[in-house]
Amino acid sequence: MSKILTNSELPLCMLDENLRLNQYDFVLYHLLETNESYRNYYITLRETHPDRLMILDNSAYEFYVRGEECNFNVFVQWICKLRPDFYILPDTLMNFEKTVTDTWNFLEKYYDLIREKTGGYSKPMAVLQGNTVDTLLSCAEHYKNWGKIKAIAVPFHNSFFTTCWRALDIEQFASVYPETTKDIKYAAGRVAFLRFLNKYMRGELNFIFPHVHLLGSHCPYEKHVISKMKLPYIKTMDTGYPVKCGYEGVTLFKETKKPDVIIDDFLDEDLDIKTMEIIRNNVKRFRDI
């Protein structure tokens with residue numbers, strides 16, 4: 001099976017286990033801005049482990065939930081400071097037009113500056129957004145034609161994913177989850193879309209976008225299903241789901257519903273030994289499946 005590197009965002013009291021539990025770093029911009037401990041950890045980590053893969057997220061989802069917007073001038077300052085391998089370009093959930101426009105404008109304004117300040121080290125990663133298969137594919141076509149983008153991210157919560165899944169994929173999830181929930185349909189739909197995307201790119205996705213990132217998941221067994229597809233360009237995946245399950249005392253792949261919390265709810269908590277052990281084991285289950 002193809003090897004997909006994983007990251008599960010950890011609470012602050014477990015950040016000292018990040019290097020051991022996570023296979024790369026997925027850094028949330030909004031926490032760099034708002035949390036000193038989080039900020040200091042990743043600044044130091046980048047200095048001590050400069051060769052470890054790092055993706056800097058634009059925190060679009062977190063800003064979306066709060067009804068806020070990202071300050072991209074400050075975001076660019078963090079790109080230049082951390083020099084991540086990839087930085088995620090502006091995106092708006094399920095909005096093709098705004099995502100493409102904002103991505104183009106960001107590249108026009110900041111691309112050369114970032115290349116200069118990072119010595120060309122930090123590369124842009126664009127997000128496919130839209131609310132149909134065609135709009136996501138059109139997103140990919142735009143990014144391909146611009147020539148500056150060699151890495152893309154495919155989000156989890158695109159509503160049409162719940163309608164484009166194949167029965168064969170649902171059966172694979174049924175081996176772990178006897179009930180077909182909406183999140184399983186999301187996951188199976190993203191699996192189906194990855195097939196559409198590869199076909200649309202005439203099987204040359206590995207050359208056009210050699211790094212594809214899976215952005216979030218509320219059904220991390222999806223990683224196992226996708227790994228069996230043997231798509232070498234799918235390199236990385238992030239989700240806080242295993243950690244959120246652990247916080248609620250639930251073993252990953254035995255949950256009966258998705259967690260009600262988000263990472264920000266308990267980021268600063270000093271968790272008890274039992275909770276941390278469940279989180280630790282959940283992250284390993286996700287990583288090793």
Side-chain angles (χ1 to χ4, degrees), residues 2-12 14-15 17-32 35 38 41-42 45-46 49 52-65 70 75 78-79 82 84-89 91 93 122-129 151-158 161 183 186-187 190-191 193-194 209 211-227 231 233-247 252 258-259 261-264 266-267 279-280 282-289:
S2 300
K3 182 68 172 178
I4 301 174
L5 301 181
T6 61
N7 177 282
S8 296
E9 298 86 5
L10 297 168
L12 296 179
M14 296 184 69
L15 271 184
E17 300 186 55
N18 172 55
L19 284 170
R20 182 168 60 87
L21 293 176
N22 287 319
Q23 296 169 306
Y24 74 98
D25 296 311
F26 190 81
V27 183
L28 300 173
Y29 160 59
H30 77 288
L31 292 181
L32 289 175
N35 193 291
Y38 187 92
Y41 174 80
Y42 281 107
L45 180 66
R46 200 56 174 160
H49 294 78
R52 180 173 159 92
L53 177 65
M54 176 182 282
I55 298 173
L56 177 58
D57 183 41
N58 61 28
S59 291
Y61 179 75
E62 287 76 15
F63 288 119
Y64 173 82
V65 169
C70 177
F75 181 59
W78 278 110
I79 296 171
L82 284 180
D85 296 80
F86 297 102
Y87 56 92
I88 296 183
L89 293 163
D91 70 293
L93 186 65
S122 298
K123 306 293 194 301
M125 176 181 285
V127 183
L128 303 186
Q129 289 289 9
I152 57 173
V154 183
F156 184 77
H157 279 123
N158 286 84
F161 282 165
D183 284 311
Y186 271 121
R190 182 159 65 173
V191 170
F193 173 74
L194 291 171
F209 301 120
H211 190 124
V212 175
H213 176 75
L214 301 180
L215 199 58
S217 180
H218 280 164
C219 183
Y221 189 72
E222 176 190 13
K223 179 202 167 203
H224 176 72
V225 175
I226 292 173
S227 293
L231 304 176
Y233 42 82
I234 301 179
K235 304 289 190 186
T236 49
M237 182 176 184
D238 79 276
T239 177
Y241 187 92
V243 176
K244 292 184 284 187
C245 283
Y247 179 76
L252 189 65
K258 68 181 179 183
V261 295
I262 62 173
I263 293 292
D264 287 20
F266 59 93
L267 182 74
I279 289 174
R280 192 176 295 118
N282 281 356
V283 172
K284 290 177 183 177
R285 285 187 176 94
F286 171 52
R287 181 192 67 196
D288 298 337
I289 190 172

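Values in this document were obtained by computation on a predicted structure and should not be read as measured data. Residue numbers count from 1 along this sequence.
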Give, for atom [atom1] of [X] and atom [atom2] of [Y], the distance between the pair rounded to the nearest 0.5 Å.
X	Y	atom1	atom2	result
Ser217	Arg190	OG	CZ	5.5 Å
Met237	Gln23	CE	CD	12.0 Å
Cys245	Phe286	SG	CZ	11.5 Å
Phe156	Cys219	CZ	SG	6.0 Å
Ser8	Asn22	OG	CG	5.5 Å
Glu9	Ile262	CD	CD1	11.5 Å

Aromatic ring pairing Phe193/Phe161, orientation class (parallel under 30°, perpendicular over 60°, tilted between): tilted
Geometric class of the His224/Tyr221 ring pair [parallel <30°, tilted 30-60°, perpendicular >60°]: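 The arrangement is tilted - the two ring planes meet at 30° to 60°.
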Lys/Arg N to Asp/Glu carboxylate O, Lys123 vs Asp85, below 4.0 Å: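 Answer for the salt bridge query: no.
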[X] vs [Y] side-chain heavy atoms within contact, under 4.5 Å:
X	Y	result
Pro242	Arg285	no
Asp183	His157	yes
Ile88	Phe26	yes
Ile226	Ile4	yes
Tyr241	Pro259	yes
His213	Ile55	yes

Closest contact, heavy atoms only, [X] versus [Y]:
X	Y	answer
Lys223	Asp288	NZ-N, 4.2 Å
Ile79	Pro84	O-CD, 3.3 Å
Val243	Pro11	CG1-CD, 3.9 Å
Tyr24	Leu5	CE2-O, 3.5 Å

Test side-chain hydrogen bond (donor to acceptor under 3.5 Å, both in side chains) applied to Asn18 and Asp25, step by step: CA-CA 8 Å; Asn18 172 55; Asp25 296 311; 2.8 Å; yes
Any side-chain donor near an acceptor of the partner, His30 and Asn58, under 3.5 Å: no
Worked check of side-chain contact (heavy atoms from CB on, under 4.5 Å) between Tyr233 and Phe209: CA-CA 7 Å; Tyr233 42 82; Phe209 301 120; over 6 Å; no
I'd like to know if the side chain of [X] and the backbone of [Y] have a donor-acceptor N/O pair within less than 3.5 Å.
X	Y	result
Tyr38	Leu28	yes
Lys284	Leu21	no
Asp57	Val27	no
Tyr186	His218	no
Arg46	Tyr41	no

Pairs satisfying salt bridge (charged side-chain N to carboxylate O under 4.0 Å, His left out), at least one member in residues 234-244, at least two apart: none
From CA spacing to verdict: side-chain contact (heavy atoms from CB on, under 4.5 Å), Leu31, Asp264: CA-CA 9 Å; Leu31 292 181; Asp264 287 20; 4.3 Å; yes
Residue list, side chain to side chain contact (heavy atoms under 4.5 Å, CB included) with Ala151, at least two apart or on another chain: Phe86, Met125, His211
Residues which pass ring-ring contact (aromatic ring centres under 6.0 Å, His included) with His49, listed by chain and number, not counting sequence neighbours: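 Expected list: none.
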Derivation and outcome, side-chain contact (heavy atoms from CB on, under 4.5 Å), residues Leu267 and Asn35: CA-CA 10 Å; Leu267 182 74; Asn35 193 291; 3.7 Å; yes
Of Leu53, Val212, Leu215, Leu214, the residue whose pairing with Thr236 passes side-chain contact (heavy atoms from CB on, under 4.5 Å):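 Per the side-chain contact (heavy atoms from CB on, under 4.5 Å) rule, the option paired with Thr236 is Leu53, out of Leu53, Val212, Leu215, Leu214.
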